[in-house]
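Here the structure comes first, spelled out in structure tokens, and everything after it is commentary.
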Protein chains: 2
Amino acid sequence: MQKIDTKTKILNAAEQLFAERGFADTSLRLITSQAEVNLASVNYHFGSKKELIQAVLARYLDVFAPALESTLQSLIDKQERIDQIQVFNCLIEPLLSLDSYRHQGTTVFLSLLGRGYLESQGHLRWYIMTNYGKVVSLFNHVVREANPHLSSEEIFWRLHFTLGSVVFTMGSSKALIDIAKADFNADVDIEGLIHRVIPFIAAGVSSPAK
Amino acid sequence: MQKIDTKTKILNAAEQLFAERGFADTSLRLITSQAEVNLASVNYHFGSKKELIQAVLARYLDVFAPALESTLQSLIDKQERIDQIQVFNCLIEPLLSLDSYRHQGTTVFLSLLGRGYLESQGHLRWYIMTNYGKVVSLFNHVVREANPHLSSEEIFWRLHFTLGSVVFTMGSSKALIDIAKADFNADVDIEGLIHRVIPFIAAGVSSPAK
DNA sequence: GTCTATATATAGATAGAC
DNA sequence: GTCTATCTATATATAGAC
């Protein structure tokens with residue numbers, strides 16, 4: 001049994017609860033009792049609940065953003081002509097590697113991302129563009145290369161439709177996986193879900209302009 | 001100036017605030033001050049915040065569900081072979097008619113739906129299936145007819161991806177429309193957004209099975 | 001049905017002993 | 001760094017006068 005410091009215990013408990021219940025519905029008392037630490041330690045280590053939320057997200061983004069940048073750069077370096085499906089395949093490994101980084105890391109990260117967008121009234125979007133704008137731009141650029149028939153604006157919208165599919169599904173993935181088990185006797189895990197959603201969004205993004 | 005009763009004033013204020021800020025972040029005090037009614041009237045008319053949330057959703061679902069059922073039934077009656085894009089076109093009129101039913105009704109409804117799914121930990125899903133299960137099943141049935149190459153399970157997942165695209169985009173539509181204006185000098189309204197998302201989800205849903 | 005006043009619970013945050 | 005105890009604000013909900 002390794003010793004985990006208080007700061008990490010708080011982050012671990014907070015990310016699970018935030019992902020499951022959302023930010024507003026998760027009190028500091030719930031987090032600290034789950035983490036088995038003292039209530040006051042949250043403010044000591046993080047200053048406020050808002051800063052705790054940022055720290056939880058940053059821990060994932062600091063792993064995910066460089067990983068995605070790396071797979072995208074490999075794709076760019078490898079060949080001239082970039083194929084649509086390859087672009088989205090670039091997401092798979094960085095997303096799934098979060099599952100070995102943290103228990104259920106992929107689901108947690110995507111849930112947090114979705115909740116952050118919907119609950120924070122735009123603050124998260126600003127935070128991500130400010131701190132991780134480089135890889136967002138790179139992803140945009142590569143999608144554009146793969147879809148020369150689409151305008152920047154059309155790509156802007158379609159990438160948001162994509163984001164919606166992914167974060168909404170992952171945000172309810174626990175419930176959906178249970179339903180799939182009950183109704184279809186199907187065992188789906190997060191990896192299976194990602195492999196289902198990639199063809200869906202790839203087809204949507206590269207569909208002919210209206 | 002027509003006279004609006006207290007109950008309706010509360011519903012009108014609540015739906016706007018719930019759609020913009022989410023359920024947990026919207027207090028009864030905020031609702032009643034916006035509605036210019038007394039705080040105690042919420043409990044008098046609705047019993048509790050939870051029942052108010054249900055009433056807000058029910059007001060939309062009671063309009064939307066029969067309208068969708070009607071357009072789907074027309075499609076079934078009209079012809080033998082059902083085309084994929086026609087199925088999703090069945091959504092357009094029932095969704096847009098909410099905009100004349102209530103100010104920004106389409107956006108509000110889809111925001112509430114998305115937030116309900118993500119914030120209520122499955123209660124809303126149960127509520128919808130219990131009270132409006134008939135039209136959900138009908139929609140599922142028609143999608144299946146239009147996509148005989150897909151299994152029920154595959155359709156189950158793809159319709160959730162679809163739902164995610166729609167509710168996530170609409171839930172942030174105000175911010176996204178602002179960004180589109182700033183970055184692309186594009187004027188997009190809710191109708192334009194729906195006409196953008198329909199081809200996206202239609203392509204995704206009917207894409208070849210993996 | 002609508003109001004004031006208040007009961008009751010819970011939230012985030014902090015002071016100060018150890 | 002960690003604890004107990006507590007401050008302060010705000011939440012939902014209700015009792016009872018009008």
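Computed from heavy atoms alone, side chains included, the values below leave out hydrogens, waters and symmetry copies. Labels below follow one simple rule: chain letters A, B, ... track the order of the sequence lines, proteins then strands, and each chain is numbered from 1.
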Using a heavy-atom distance cut-off of less than 4.0 Å, which residues of residues 39-50 of chain A contact DNA chain D?
-> A:Ala40, A:Tyr44, A:His45

Donor-acceptor list for residues 95-102 of chain A side chains, cut-off 3.5 Å, not counting sequence neighbours:
unit_1	atom_1	unit_2	atom_2	d
A:Ser97	OG	A:Glu93	O	3.4
A:Ser97	OG	A:Pro94	O	3.0
A:Asp99	OD1	A:Gly105	N	2.9
A:Asp99	OD1	A:Thr106	N	3.0
A:Asp99	OD1	A:Thr106	OG1	3.4
A:Ser100	OG	A:Ser97	O	2.9
A:Arg102	NE	A:Glu15	OE2	3.0
A:Arg102	NH1	A:Asn12	OD1	3.4
A:Arg102	NH2	A:Asn12	OD1	3.2
A:Arg102	NH2	A:Glu15	OE2	3.0

Taking only residues at least two apart or on different chains, which pairs with a member in residues 35-57 of chain A satisfy ring pair (Phe, Tyr, Trp, His ring centres under 6.0 Å)?
-> none

Rounded distance (Å) that lies between atom C1' of D:dG1 and atom CD1 of A:Ile4 = 17 Å

OP1 or OP2 of D:dT4 sitting under 4.0 Å from any side-chain N/O of A:Asn38?
-> yes

Can you name the salt bridge (Lys or Arg N to Asp or Glu O under 4.0 Å) partners of B:Lys134, sequence neighbours left out?
-> B:Glu69

Are any of the side-chain nitrogens in A:Arg21 or B:Glu119 under 4.0 Å away from the carboxylate oxygens of its partner?
-> no

Interatomic distance, CG@B:Asp5 vs CG@B:Leu11, rounded to 0.5 Å, equals 8.5 Å

Figure out the CD1/C1' separation between B:Ile31 and D:dA11, and round it to whole Å.
-> 12 Å

Going by heavy atoms closer than 4.0 Å, what residues in residues 6-28 of chain A are next to DNA chain D?
-> A:Thr6

Using the six-membered ring wherever Trp is involved, compare the ring planes of B:Phe64 and B:Phe109 and label them parallel, tilted or perpendicular (cut-offs 30° and 60°).
-> tilted

Cationic N near anionic O, under 4.0 Å, A:Glu153 to A:Arg158 | no

Using atom types as modelled, flag every donor-acceptor pair under 3.5 Å from a side chain in residues 174-181 of chain B to any protein atom, sequence neighbours excluded.
unit_1	atom_1	unit_2	atom_2	d
B:Lys181	NZ	B:Asn185	OD1	3.4
B:Lys181	NZ	B:Asp187	OD1	3.3
B:Lys181	NZ	B:Asp187	OD2	3.4

d(CG, B:Asp5; P, C:dG1) in whole Å | 8 Å

Rounded distance in Å - CZ (A:Arg29) to C1' (D:dT4) = 13 Å

